[in-house]
Undergrad: 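Can you read through this structure? Questions will come right after.
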2 protein chains.
Amino acid sequence: MTKFSKELVGATTIPIILSVLSKGESYGYEIIQAVKSISEGQITYADGTLYPVLHKMEKKGLIESFWKKGDNGRRRKYYRIIENGIQQLDLEKENWLIVNQIISKLWKIDLNPI
Amino acid sequence: MTKFSKELVGATTIPIILSVLSKGESYGYEIIQAVKSISEGQITYADGTLYPVLHKMEKKGLIESFWKKGDNGRRRKYYRIIENGIQQLDLEKENWLIVNQIISKLWKIDLNPI
DNA sequence: ACAATATACATAGAACTTCAATGTATTTCA
DNA sequence: TGAAATACATTGAAGTTCTATGTATATTGT
């Protein structure tokens with residue numbers, strides 16, 4: 001499994017979490033599993049990494065949280081994307097596209113268009 | 001002009017500098033201009049940002065430096081990519097491709113199709 | 001019944017990072 | 001003469017990821 005640079009992880013964590021939450025509310029542990037699954041095991045967030053990021057995102061007003069009891073009675077802190085976060089996700093997509101084009105030009109190879 | 005997130009800048013600075021240097025030796029100020037030109041003004045590194053990154057890259061053994069007098073007699077610190085840096089650039093390219101694919105997938109599909 | 005594993009959230013602290021601000025100099029050009 | 005561009009460097013503020021550690025409950029295998 002490839003170990004990505006801290007920088008690459010940093011650039012993608014928030015857009016990826018926003019993407020996941022844009023498809024429906026979720027909680028920390030489930031987000032980790034979802035990203036692991038989608039990336040086919042290539043991105044596995046440590047919980048100690050994800051939770052502070054979720055807190056930061058909530059503080060910035062991108063998402064909101066609420067406690068809920070799961071099927072099994074265990075309490076979970078759910079997160080839901082809010083208006084600000086939707087706008088932020090759009091912005092992140094735009095920026096990724098631009099940067100990807102610049103890099104693609106520099107490398108003169110075809111990268112996956114989004 | 002779009003202002004990119006610190007994170008996105010962080011993820012791309014080293015690969016971009018390595019790319020520029022893989023096309024020929026250069027010095028700080030020229031690298032800033034080259035990236036600005038290639039990105040059509042969208043990426044403009046502050047000198048206070050670039051120089052510490054160059055120092056870090058040299059310390060890590062990705063590039064080497066040497067003083068040279070330019071046409072006008074002004075001294076410039078040139079940088080040249082070395083073996084380690086070429087390998088690092090290949091790795092960065094690979095990783096960018098993988099992450100781009102994952103993100104591309106996330107932005108295209110529904111996580112929980114009903 | 002018991003142990004191991006998976007689920008679930010949280011924080012502290014180490015080791016980074018970017019970048020604005022500031023400083024020093026030289027060259028070019030109106 | 002003076003402004004702008006060229007050229008490199010460092011400091012310090014504010015932020016970042018991630019390891020380690022802690023708490024606790026649910027599930028699964030033997």
Undergrad: Run the salt-bridge test on A/R76 and A/E30 with the 4.0 Å N-O cut-off and return the result as yes or no.
TA: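 No, this pair does not count.
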
Undergrad: Is there a chain of hydrophobic side chains (I, L, V, M, F, W, Y, each step under 4.5 Å between heavy atoms) that links A/I86 to A/I17?
TA: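 Yes, A/I86 connects to A/I17 through the hydrophobic network.
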
Undergrad: What is the distance from CG of B/L54 to C1' of D/dA7, rounded to the nearest Å?
TA: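 In whole Å, D/dA7 C1' and B/L54 CG are 12 Å from each other.
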
Undergrad: Using atom NZ of B/K68 as one end and atom P of D/dT6 as the other, report the distance to the nearest whole Å.
TA: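 These atoms are roughly 19 Å apart.
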
Undergrad: Please check this pair: side chain of A/K105 against backbone of B/I38, looking for a donor-acceptor N/O pair closer than 3.5 Å.
TA: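 Checked: pair present.
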
Undergrad: Is B/K59 atom NZ crowded by more than 12 heavy atoms from other residues, nucleotides or ligands, each under 6.0 Å away?
TA: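 It does not: B/K59 NZ has 12 such atoms or fewer within range.
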
Undergrad: Whole-Å distance between D/dA5 P and B/R76 CZ?
TA: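 So the CZ-P distance, B/R76 to D/dA5, works out to 17 Å.
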
Undergrad: Provide, to the nearest angstrom, the distance between the CE atom belonging to A/M57 and the P atom belonging to D/dG15.
TA: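 Taking atom P of D/dG15 as the reference, CE of A/M57 is at 17 Å.
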
Undergrad: Would you kindly compare B/Y45 and A/W67 by the position of their nearest DNA chain C nucleotide and give the one closer to the 5′ end?
TA: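 Result: A/W67.
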
Undergrad: Roughly, in whole Å, what's the span from CG in A/L50 to C1' in D/dC18?
TA: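 Result: 12 Å.
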
Undergrad: In residues 24-38 of chain B, which residues come under 4.0 Å of DNA chain D by heavy atom?
TA: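 Nucleic-acid contacts, sorted: B/Y27, B/G28, B/Y29.
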
Undergrad: With respect to B/K60, which candidate in B/E58, B/M57, B/K56 satisfies the side chain to side chain contact (heavy atoms under 4.5 Å, CB included) definition?
TA: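 Passing option: B/K56.
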
Undergrad: Can a donor-acceptor pair be found, under 3.5 Å and without considering hydrogens, that links the side chain of A/S37 to the backbone of A/Q33?
TA: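 No, the answer is negative, given that no donor and acceptor are paired below the 3.5 Å cut-off.
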
Undergrad: Decide whether A/L89 and A/I98 are clustered together by the hydrophobic rule: side chain heavy atoms of Ile, Leu, Val, Met, Phe, Trp, Tyr closer than 4.5 Å, transitively.
TA: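 Per the 4.5 Å side-chain linkage, A/L89 and A/I98 are co-clustered.
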
Undergrad: Given atom NZ of B/K77 and atom C1' of C/dT26, what is their separation to the nearest angstrom?
TA: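 B/K77 atom NZ is separated from C/dT26 atom C1' by 18 Å.
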
Undergrad: Checking B/E7 now: which residues fulfil side-chain hydrogen bond (donor to acceptor under 3.5 Å, both in side chains) with it, not counting sequence neighbours?
TA: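 For B/E7 there are no side-chain hydrogen bond (donor to acceptor under 3.5 Å, both in side chains) partners, ignoring immediate neighbours.
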
Undergrad: side-chain contact (heavy atoms from CB on, under 4.5 Å) between A/I31 and A/L21: does it pass, once the steps are laid out?
TA: CA-CA 8 Å; A/I31 293 171; A/L21 291 180; 4.0 Å; yes

Undergrad: Distance check needed: D/dT6 C1' versus B/Y78 OH, whole Å only.
TA: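 Spelled out: OH on B/Y78 to C1' on D/dT6 is 12 Å.
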
Undergrad: Under 3.5 Å, which protein N or O atoms sit close to an N or O of nucleotides 11-18 of chain C? Give each pair with its distance.
TA:
residue	atom	partner	partner atom	Å
C/dT17	OP1	B/K56	NZ	3.2

